[in-house]
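Keep in mind that this is a model prediction, so the values were computed, not measured.
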Amino acid sequence: MSMSSGKMSDPPPLASMSIDMVAAAMSHFVHHPLYTLKTYMQNKDFRFAEFFKLTRQEHVRFLLRGVTNRMIFVMPEKMMKLQAWKYSNQFLMDRRFSNEMSWLVAGSVAGAATTIINCPSELVMVQAQARGRRLMDVLREKKTIHGSILRGVYTGFWPSLSRDISFNAVFFYVRFMGVKKYETYYSCRCPEQTRFFIGAAAGCLGGIVACPFDVAKTRSQSNPSQPFFITTMYQIARHEGPLKLLSGVSTRLMILPSMMSLLVVLQEMLERVYQQFSPSNPSNHQQA
């Protein structure tokens with residue numbers, strides 16, 4: 001059930017989840033400044049001059065707005081994504097589904113699973129990036145507007161769900177298909193650097209497919225008075241032009257492909273390191 005193609009057994013659940021969260025923390029932290037830029041680009045009144053002015057005034061603090069709140073959520077979110085993918089993929093493979101169908105469906109399941117954590121965490125991040133709001137300020141505001149914190153923090157749930165399902169279905173399918181093609185052609189394990197580039201290409205395709213949903217999600221979370229996300233997308237295309245639905249796609253393609261690819265590569269590498277030093281590894285008993 002491991003994402004890597006090694007023949008050793010998988011780590012136990014607790015170790016597997018810990019590996020996923022460490023990989024998530026490492027991959028997200030280095031990409032957070034680009035998330036700040038993407039959030040600004042997707043708002044209607046975005047101006048590069050204003051963004052660069054804030055960057056000069058606040059430096060790293062501005063680029064890392066919302067990183068603490070986001071990191072609280074990002075580790076369990078990415079862990080849930082990877083665990084959902086592994087277990088659903090194994091479930092489908094055990095029922096003799098083809099590799100391709102298993103990757104596609106399991107990717108969709110992974111996307112749906114992560115929306116549960118991803119939606120409120122991105123709401124807090126967007127509010128911090130666009131308006132400089134703190135976590136407790138956002139929660140108090142959502143409780144006042146919506147009557148309950150739980151309902152308020154899931155503002156933008158449906159566009160988030162649509163975006164996450166479409167992106168992850170494309171990413172996991174293309175990524176693992178590419179790795180399979182490489183290993184079939186060269187009759188050896190695909191090296192980490194090649195896995196990274198295959199994953200980056202898969203992330204580019206998935207990012208383009210999911211970008212319109214991401215724009216609608218950002219509008220919904222920045223301005224709670226926005227209508228249902230399908231209506232929002234229609235209004236954007238009609239009044240601002242269809243290309244506005246791809247707002248921030250360049251920054252999104254700087255973030256998602258490399259971050260998701262790095263996440264999976266780090267997860268596979270950390271899992272292999274664990275397996276290498278695990279007491280259950282027969283080679284360790286032989287050396288002893």
Side-chain angles (χ1 to χ4, degrees), residues 1-11 13 16-17 19-20 23-24 27 77-116 118 158-214 246 249 252-253 255-272 275:
M1 193 164 60
S2 170
M3 286 189 177
S4 61
S5 58
K7 296 181 179 179
M8 290 180 285
S9 60
D10 294 318
S16 178
M17 290 187 288
I19 288 170
D20 293 347
S27 63
E77 173 214 326
K78 293 297 189 292
M79 178 271 292
M80 184 175 288
K81 179 198 294 286
L82 296 175
Q83 292 291 314
W85 189 89
K86 287 186 285 187
Y87 281 102
S88 56
N89 182 59
Q90 186 63 44
F91 176 85
L92 294 168
M93 295 288 285
D94 289 344
R95 281 151 184 78
R96 301 182 183 277
F97 282 79
S98 66
N99 286 336
E100 292 77 9
M101 180 60 69
S102 297
W103 295 332
L104 188 63
V105 175
S108 301
V109 172
T114 55
T115 306
I116 297 171
N118 198 28
W158 293 110
S160 294
L161 180 66
S162 302
R163 178 204 60 185
D164 292 341
I165 288 177
S166 59
F167 172 79
N168 284 281
V170 172
F171 173 80
F172 282 106
Y173 177 84
V174 176
R175 197 268 185 181
F176 284 92
M177 174 65 76
V179 171
K180 178 185 177 182
K181 294 292 185 182
Y182 180 98
E183 294 182 340
T184 301
Y185 185 81
Y186 290 103
S187 300
C188 64
R189 185 181 186 277
C190 184
E192 271 66 30
Q193 63 271 24
T194 304
R195 288 170 177 256
F196 175 81
F197 289 117
I198 293 173
C204 285
L205 181 58
I208 294 172
V209 171
C211 191
F213 300 114
D214 193 51
L246 294 177
V249 69
R252 186 172 174 80
L253 293 183
I255 302 171
L256 273 181
S258 58
M259 188 183 72
M260 273 300 299
S261 189
L262 181 61
L263 169 68
V264 177
V265 168
L266 286 172
Q267 188 274 341
E268 291 174 339
M269 292 176 65
L270 291 171
E271 194 169 89
R272 286 168 63 85
Q275 290 169 334

Next on the checklist: Applying side chain to side chain contact (heavy atoms under 4.5 Å, CB included) to Leu82 and Leu263, what does each step give before you reach the verdict?
Outcome noted: CA-CA 9 Å; Leu82 296 175; Leu263 169 68; 4.2 Å; yes
Item to check | side chain to side chain contact (heavy atoms under 4.5 Å, CB included) between Lys181 and Thr184, intermediate numbers included | outcome: CA-CA 5 Å; Lys181 294 292 185 182; Thr184 301; 5.8 Å; no
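Residue pairs meeting the salt bridge (Lys or Arg N to Asp or Glu O under 4.0 Å) criterion with at least one member in residues 100-112, sequence neighbours excluded: Glu100-Lys180. Counting only residues at least two apart or in different chains, side chain to side chain donor-acceptor pair (under 3.5 Å) contacts with residues 101-113 are absent.
Heavy-atom contacts from other residues, nucleotides or ligands closer than 6.0 Å to CZ of Phe196 number more than 12. Around CE of Met269, the count of heavy atoms belonging to other residues, nucleotides or ligands within 6.0 Å does not exceed 12. More than 12 heavy atoms of other residues, nucleotides or ligands sit less than 6.0 Å from atom OH of Tyr182.
Nearest heavy atom pair, residue Glu271 against residue Ile19, reads CA-CD1, 3.9 Å. Shown here for Pro257 and Cys204, the closest heavy-atom pair between the two residues is CG-N, 3.5 Å. What you find for Phe97 and Met93 is that their closest heavy atoms are O-SD, 4.1 Å.
Not one N or O on the side chain of Glu77 forms a donor-acceptor pair closer than 3.5 Å with the backbone of Thr114. One N or O on the side chain of Asn168 and one on the backbone of Asp164 form a donor-acceptor pair closer than 3.5 Å. Side chain of Arg195 to backbone of Val179: no donor-acceptor contact under 3.5 angstrom is found.
For the residue pair Ser27/Lys78, the side-chain donor-acceptor check at 3.5 Å is not satisfied.
Between Phe167 and Phe171, the two ring planes are parallel [angle under 30°; tilted spans 30° to 60°].
Between Pro159 and Asp214 the shortest side-chain heavy-atom distance does not fall below 4.5 Å.
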